[in-house]
Amino acid sequence: MDLPFLNELNESQRRAVEYTDGASLVIAGAGSGKTRVLTYKIAYLLKTGMAPSSILALTFTNKAAREMKERIAGMVGEKTARYLWMGTFHSVFSRILRSEAERIGYSKNFTIYDSADSKSLVKSIIKELKLDDKIYKHGFVQSRISYAKNNLITPDAYLANTDLIKADNASRVPLMNNIYKIYCTRCKQADAMDFDDLLLQTNVLFRNNPDILQKYQNLFGYILVDEYQDTNFAQYLIVKKLAEQHEKICVVGDDAQSIYSFRGANIDNILTFKNTYQNAQIFKLEQNYRSTKTIVNAANSLIDKNAQQIRKTVFSEKETGKPIKVLSVFTDFEEGFIVANNISDLRFANFRYQDIAVLYRTNSQSRVMEEALRKQGIPYRIYGGLSFYQRKEIKDVIAYCRLVCNPNDEEALKRIINYPARGIGETTVNKVIECSQLHAVSAWEVLTDMLKYNLAVNAGTANKLAQFRSMIDVFAEQVTTQNAYDMANSIVKTTGVIADTYTDHSPESMSRQENVQELLKAIHEFCETKQADGEPTALLPDFLSEVSLLTDQDTDKETDKDKVTLMTVHSAKGLEFRAVFIVGMEEELFPSPFCTQSERELEEERRLFYVAITRAEELCFISFAKSRFKNGKTNFSNPSRFIKDIDLQFLDMPVEAKPKQARIGDWDDDMERERNRFQSSFSKPFIRENSLPVAPKRMVKLSNTDGDKIPTENSSIPAGAFVKHNIFGIGKVLETSMVNGNEKAEIDFGEKGVKSLLLKFAKLEVLK
DNA sequence: GTAAGAAAAATTTTT
DNA sequence: TTTTTCTTAC
């Protein structure tokens, strides 16, 4: 068949597009036209007669899905494109789960718990079990649960898994399995699924209902998966099952850009694709169309340091371009300033703001950058961080909506049962939940019949609870008939949420009002769009199911046109900019200190840096600061080890104001000198005004962290030293010892007595 | 039960 | 620095 658009592809791209006989894996180097292959392949399938509704295309982000859909619409027309099954794993399968919900014991309107809901639930379970939250940290527990779900390990399977149980015992969290079990029960009682459930329950649905599996196997004549290197086991299995019959499947990915293992992504899925699909064809896309030779080669030299990878030769035929400029600055503030200056300079080199991005490892780094850009009047837009739907007032309104659509939603109930304040306090809420657990029902169920469940509250409280319940009941009755906007509108009015946000005229209060209005507007638009599409009345549950999987990245506004982009490296994946600034390239930040334990994690961080560099088309800047303000105090840092992984020939190194020019190998020495200089000036004796001359003193961080090389911060207290404690005052150290790896000191506080303190916890100031 | 204020803790990446 | 938890006074 002669399809002219195929001529826009190179040889390997074209072969990847045209192969539709069976399974295929496209290994796509950075910038090699991966999305192009996917979109053209879908267009090709459509042009060769496949119905849009039988094509399933799974992406990683909503944004990727939307953009691809637009591009396809441009090629085959909007009317055809709209019937494609295209979206993220989570959104596509939540849609399927909703329509088949009854088959796995959920209702059609099940709630989707976001990570905040999960966190809150985990925390309350830990509390209810009376466990020490210093040992059972919610973050750790959450990641364990998530790990289990992503690997399709149910609570029962967890208990039967000796490796997991052993690991938990070794980490001194033997009750992890209990927490997990209760967590699942509670989600079920609340008729709620968390993000991981959307994948886990899809597997359950397919496993327990062969007829449904078959229905979707037949429906999807061709399956495409983007970013396959980031799929986890649950996703892998869903895809495998759906493709089982015909193996009409094409996955695209780049092992060098696998950066989501913390979310369960398993790089083996792509590395061993051929084992799953034995007749699979493999196509390699190696020509990079995005970046200059220098950038491609610099990135290659970096990723070359990773042991785990599919070797490939990514090359560029564009011009050589400029070397990557490395910027060395003293503080994070200066870093912002320098970056802003460079951005201003780029404007004279024919760069628009929208051609430029600033990438960082953590969202918290955005603040300083924002300030610097604002000061210089540079427009920017920021991705991530606190999204619209995570703001308090929005979550409150959404919680009401959630509860109305699904009264069993415990997290929503907890959130608003006393907002605005109606005299139902913590004690009461705890009683209700305790009671609900006793009878294995949802909290709402208890409220519907307090007598039956013997809820032990006094008459006044019972009355308040009953009032609250009937208020929600009234809304719940209307939810299937009223449209979403009218519902939401009367909810915010009747419940007093509006009144609460209108209490004063402070800027904060005004902005909260605006946000609530903004949300109502969004719901209104949602209803209108549905109506324009000729669909029946848009109900509140419909809106909720759309909104729960949206993130801020999904709101691209017109006003965001010509602005510098600020985002984390993770969210930059898949994007490209003419100029890219990678800031905060320091040890303890990038690589993240949480990821330096194992070589595997370290390699992932290196891939992350690889992703960052390969976003750049023409110019790339890398900066590191010698000191950075973090968690309320200034920390010192060394340049990231990853900078040394890039071949020097591609770098434009900073010239330090030193007798000799800094070379890579000298950095550590230089930093050492720099630090010593700073510290000697810092620790100079000083005399406080209107007080007796006191001995110079300095704060000493006493935790014995190993990575810390700063001498003053690492020293423990010698016996005989004098220390000051916030409560006990001044004392003399009698002796120090090690207890379970923690340093303990016996300190004589005079009349307050001799105390034995763990240095890890006690805030001590050493007097010298 | 509430509100305010103090103290302590926690800081990665995202659907 | 920001967020959460604890304390205290009404």
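In the text below, chain A, chain B and the rest are named by the order of the sequence lines, each starting its count at 1.
No donor-acceptor contact under 3.5 angstrom links the side chains of K431(A) and T461(A), judged on distance only.
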(Q) As a quick check of understanding, evaluate side chain to side chain donor-acceptor pair (under 3.5 Å) for Y419(A) and T495(A), giving each step before the final call. (A) CA-CA 9 Å; Y419(A) 173 80; T495(A) 57; over 6 Å; no

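Between the side chain of N631(A) and the base of dT11(B), at least one donor-acceptor pair of N or O atoms lies under 3.5 Å. The base of dT1(C) does not come close enough to the side chain of R367(A) for any donor and acceptor atom to sit less than 3.5 Å apart.
Between F262(A) and F594(A), the gap from one ring centroid to the other reaches at least 6.0 Å.
Which of dT15(B), dG1(B), dT4(C) sits closest to the side chain of H90(A) comes down to dT15(B). Residue A421(A) has its side chain nearest to dA3(B) when only dA3(B), dT15(B), dA10(B) are considered. The side chain of K123(A) lies closest to dT5(C) when the candidates are dT5(C), dT14(B), dT2(B).
In this structure, Y260(A) reaches the sugar-phosphate backbone alone: every heavy-atom distance under 4.0 Å involves primed, P, OP1 or OP2 atoms, never a base. At a threshold of 4.0 angstrom between heavy atoms, the contacts of K392(A) with the nucleic acid are absent. Counting any heavy atom pair closer than 4.0 Å across all strands shown, T428(A) reaches sugar-phosphate atoms only and no base atom. Across all strands, G425(A) comes closer than 4.0 Å only to sugar-phosphate atoms, never to a base (heavy-atom distances).
Contact annotation: S592(A) side-chain N/O to dT13(B) OP1/OP2 distance is not under 4.0 Å.
Map I259(A) and E426(A) each onto its nearest nucleotide of DNA chain B; the residue landing nearer the 5' end is E426(A).
When the P atom of dT13(B) is taken as reference, atom CZ of F594(A) falls 10 Å away, rounded to whole Å.
Rounded to whole Å, the separation between the C1' atoms of dT4(C) and dT13(B) comes to 23 Å. Using atom P as the reference point in both dT5(C) and dT12(B), the two lie 16 Å apart (nearest Å).
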Q. Pairing of DNA chain B as dot-bracket, 5' to 3': ( ) intra-strand, [ ] crossing, | other strand, . unpaired, with Watson-Crick or G-U pairs under 3.5 Å?
A. ||||||||||.....

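A cation-pi arrangement, defined by a distance under 6.0 Å to the six-membered ring centre and an angle within 45 degrees of its axis, is present between K63(A) and Y383(A). For the pair K626(A) and F636(A), the cation-pi test (distance below 6.0 Å, angle within 45°) is failed.
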